[in-house]
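We name chains A, B, ... by the order of the sequence lines, and we start the count at 1 in each one.
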Amino acid sequence: MEIKLWLNGKAVRDDVSPDMPLLEFLRKQGMYSVKRGCETSGCGLCSVLVEGKPVLSCTYPLMRADGTHITTLEGLEKEAEEFGAFLADEGADQCGFCNPGFIINVIAMTRELENPDEEDIKEYLAGNLCRCTGFMGQLRAVKKYIEHKRSEGRGE
Amino acid sequence: MYKCTGYVFPESMEEAYKLNQKKSNKIIAGGGWLKLGSRQYATLIDLSRLGLDEIYEDEECFKIGAMVSLRQLETHEGLNLYTQGAIKESLKHIVGVQFRNSATIGGSIYGRFGFSDVLTMLMALDGFAGLYKGGSVPLEDFAKMKYDRDILSAVTIRKQKNIKTVYSSFRNQSTDFPVLACAMSLSEGKIRTALGARPARAEVITAELPTDIDRFANETANSFAYGGNMRASAEYRRHIAYVLIKRNAEILAGGKAYGD
Ligand SMILES: Cc1cc2nc3c(=O)[nH]c(=O)nc-3n(C[C@H](O)[C@H](O)[C@H](O)COP(=O)(O)OP(=O)(O)OC[C@H]3O[C@@H](n4cnc5c(N)ncnc54)[C@H](O)[C@@H]3O)c2cc1C
Ligand code: FES
Ligand code: FES
């Protein structure tokens, strides 16, 4: 079946099987930041934005994405780099496989929530698993990043 | 992952209903549950373009469209005000924000899953399933019905004056299925206790507001049946039920009601 959508701002058109997971479609388009970490909608590695909302691309029906705007990490280079530096400073990642999905969801969170506290952060990111670390470095990085954004907003 | 050869967006409920009468076709909502299976379908019937993704609120009721996402419900101000935040508490432990952005109320209620936080919560609020052909059915009856080929269009909650609501669940691990789910509401001196994940489908019991809460919690916990599975034994669940019912009843006995 034919599908047309905007991928990171560019119009894309393809002929697909309607049971193809959105995740596979995105990887076929060269978006290799989108990873699969499970078969049970449980890991968050495949997170992408559909019309600005974070969803699991392994689960979201591909045909429903027809006509929508999809953003992967490839389309968020500036923000990803900015937050990535905070992750690196905290020594947060080990193998790094979970990073793209995690960064997507952190960006979605900072866009959706105003001044999230630690509880809000944990709740929003609970669906992003990392099998290497204990999440503490990530939490420090997220808090510092939010503080940085806030001070930027205050014009400091 | 499911397989399918066709995929359609019906333009009316009648069209969706007709397509759904064919055994080889299947309705797709969020696709979350369908995806865990590996069935082969002819055509998937996508309900996302029928305007079923809104929550209406007026003086008398809330009407939650079948395609409303769990996240929409969780963040709905009116419903959280009405339930003192119980709605949010019942949903925020389900998988993660990304999952809740696409999993729906319709899929959750139609599925009548034993583990369902959603069914347990909406049952305590005395919700009604709105079926395209079958009309309006109380959720406690809908939960007992066999799966048929009707379509759920919405869940309606009639507003009750001065209602108080509370929700709690017990999980072995955050974001996992609940070991037990307990939703309670108090209105006009009557307490509704809905228990889900026993691990059987949620059921509800109504009783007078008790004076002895400990006894009430014990008796209410004893009037449900429990089973064991990989998450917990029946005995363990019964004990957790007693604890959650007691804590919830204490909260209902104090605190503010809707409209206070
Ligand atoms: C990994 C995982 C963990 C979960 N954990 C929890 C949890 O902890 N607590 C909890 O409460 N829930 C949990 N759920 C269930 C989840 O909340 C949803 O209830 C579930 O995904 C079904 O919703 P859906 O929108 O994805 O429906 P789908 O998967 O699209 O559909 C489910 C079924 O309902 C039918 N259907 C859907 N909509 C309608 C309709 N309007 N009319 C008639 N039939 C319809 C479909 O044909 C299908 O048979 C979990 C699900 C998954 C996959
Ligand atoms: S691949 Fe694990 S949640 Fe999508
Ligand atoms: S760093 Fe390896 S999975 Fe997160």
* **Atom group of Y41(B) that falls short of 4.5 Å from chain A, counting heavy atoms** => neither
* For the candidates P61(A), G44(A), C46(A), which exhibits the highest count of non-hydrogen atom pairs separated by less than 4.5 Å from chain B? -> P61(A)
* Is the centre of the Y110(B) ring less than 6.0 Å from the centre of the Y147(B) ring? -> yes
* Asked: Of the backbone (N, CA, C, O) and the side chain (C-beta and beyond), which part of K35(B) lies under 4.5 Å from a heavy atom of chain A, both, or neither?
  -> side chain
* Determine, for F142(B) and R112(B), whether the Lys NZ or Arg CZ falls below 6.0 Å from the six-membered ring centre while staying within 45 degrees of the axis. => yes
* Can you tell me if N25(B) uses its side chain to pair, donor with acceptor, with the backbone of N20(B) under 3.5 Å? -> no
* Output yes when K88(B) and E123(A) qualify as a salt bridge under the 4.0 Å nitrogen-oxygen rule, no when they do not. => yes
* Who among A103(B), G30(B), S174(B) has the most heavy-atom pairs with chain A under 4.5 Å? -> G30(B)
* Check whether NZ of the Lys or CZ of the Arg K26(B) lies under 6.0 Å from the centre of the six-membered ring of Y2(B) and within 45 degrees of that ring's axis. => no
* Aromatic plane relationship, Y82(B) with Y258(B) - under 30° parallel, 30 to 60° tilted, over 60° perpendicular -> perpendicular
* Asked: If you count heavy-atom pairs under 4.5 Å between each of S17(A), G42(A), P21(A) and chain B, which one has the most?
  -> P21(A)
* **Contact origin within I28(B) toward chain A - heavy atom pairs under 4.5 Å** => both
* In terms of heavy-atom proximity below 4.5 Å to chain B, should E39(A) be classed as side chain, backbone, both, or neither? -> backbone
* Where does M63(A) contact chain B at under 4.5 Å (heavy atoms): side chain, backbone, both or neither? -> both
